[in-house]
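Hydrogens, waters and symmetry mates play no part in the numbers below; they use all other heavy atoms, side chains included. Both counts, for ligands and for their atoms, begin at 1 and track the order of listing. For clarity, every value in this text was computed on a predicted model and none was experimentally measured. In this chain, residues are counted from 1 in sequence order.
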Amino acid sequence: MPESSLAADLLTWFDRHGRHDLPWQRDATPYRVWVSEVMLQQTRVEKVVAYFQRFMHGLPELADLAAADLDRVLALWSGLGYYARARHLHRAAELVMQRHAGVVPADLAALQALPGIGRSTAGAILSLGCGRPYPILDGNVKRVFARVFAVEGWPGRSAVQRTLWGHAEAQLARRRPGDYNQALMDLGASVCSRRKPDCPACPLKARCQACQDGEPEAYPAPAPRVRMPLKSAQVLLIRDARGRVLLQRRPPAGVWGGLWSLPEAPADADPAPWALENLGLETQFEWAWASFRHTFSHYHYDMRPVVLRLLEPGGGGLRESADWAWRTPHAPPNLGIPAPVSRLLHGLGRHNPGADRNDPNGAVRKTE
Ligand code: SF4
């Protein structure tokens, strides 16, 4: 099948302007490409690079990932967010060991049968990691195709998705499919940006319908606006006499699933009596910081950090277990801890009673 001229133009541009030195492009094994693709979902390349290198340093081979504790995987993922990605990656690695003798399958259906791997991620693994001609359709690529072919409608709608996949398949380069897909991603991340695309510098400008119409930013159509629900709670920083803080492991599913966080009391509860009744810990209120907001993908979460001093020695009745741990705020990050909680712990570690009346961590303010 002849190469589409779009693919030829894109590859010529890629050879001169594309990215060739990303860490996962060096020694581009299917495993490395897979990890990078999962990290790149909802996260910018610039942020992913350091996380990828740390992850590969700790778990260089798929067998290492499959054999690792989930805690270790989540700790290496800490700060990247969207932790279901890490849980799925870990489970999928275990399944590759069981089903495919530890070899990432070079097969679209087998890849898509693994947790956390959709069609685009599978296409990226096959093209960038195995040199096989499969299309991809991540957010950047959707934007490029939506503009080049003036595809109406929000890409979250399945009919629009089908149209975009049709273009992705039709334009796919059979020769150098990995470079071609990387070129599409690079173009979307740099030249064809969401706002103010640099059309004069684009290799596709002569064929781009949105550019010809003078309204590139009209594509793709934005997602319908939905009102995000608001939840609120008090997060309890319970300190013992040694300065250690009580951490609680969250349930395996849901937001921050499997991560170590802080006990959460209802927003209207009196924190110390709540801790006694629900955790069996006798504590004394020390202070609280002003509430701050963390926005998850589907709701806002207002958290009011409350510091309590443990009155019983040795953690009272609450011993370390699979779901509870006492950690000093400065302890090395050997547990997976969500970034907002990690910032609170650091703020507490730096807190100097009597002197600190300001924001201890750039995110919250002391109020009491
Ligand atoms: S011409 Fe402009 S809108 Fe079209 S693909 Fe290139 S940068 Fe994007």
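Side-chain atoms of H88 come within 3.5 Å of backbone N or O of A84 as a donor-acceptor pair. A side-chain donor-acceptor contact under 3.5 Å links W77 to the backbone of G81.
Within the coordination shell of atom 2 (Fe) of ligand 1, defined by N, O or S atoms under 2.8 Å, C208 is absent.
In this structure, the protein non-hydrogen atom closest to atom 2 (Fe) of ligand 1 is C199 SG, 2.4 Å. Closest to atom 6 (Fe) of ligand 1 among all protein heavy atoms lies C202 SG, 2.3 Å. For atom 8 (Fe) of ligand 1, the closest heavy atom belonging to the protein is C192 SG, 2.4 Å.
At least one cation-pi condition fails for R327 and W260: the charged atom is not both under 6.0 angstrom from the six-membered ring centre and inside a 45 degree cone around its axis.
Of the N and O atoms on the side chains of S190 and R19, not one donor lies less than 3.5 Å from an acceptor on the other residue. In summary, the side chains of S297 and Q42 do not present any donor paired with an acceptor at a separation below 3.5 Å, with no hydrogens or angles considered. Side-chain atoms of W13 and D186 form no donor-acceptor pair, as typed in the model, at a separation below 3.5 Å.
Close contacts of ligand 1 with R147, meaning ligand atoms under 4.0 Å from a residue heavy atom, involve 3 (S). The atoms of ligand 1 that sit less than 4.0 Å from any heavy atom of P216 are 3 (S). For ligand 1, the atoms closer than 4.0 angstrom to any heavy atom of C211 are 1 (S).
Heavy atoms of A210 found under 4.0 angstrom from ligand 1: none, in either backbone or side chain.
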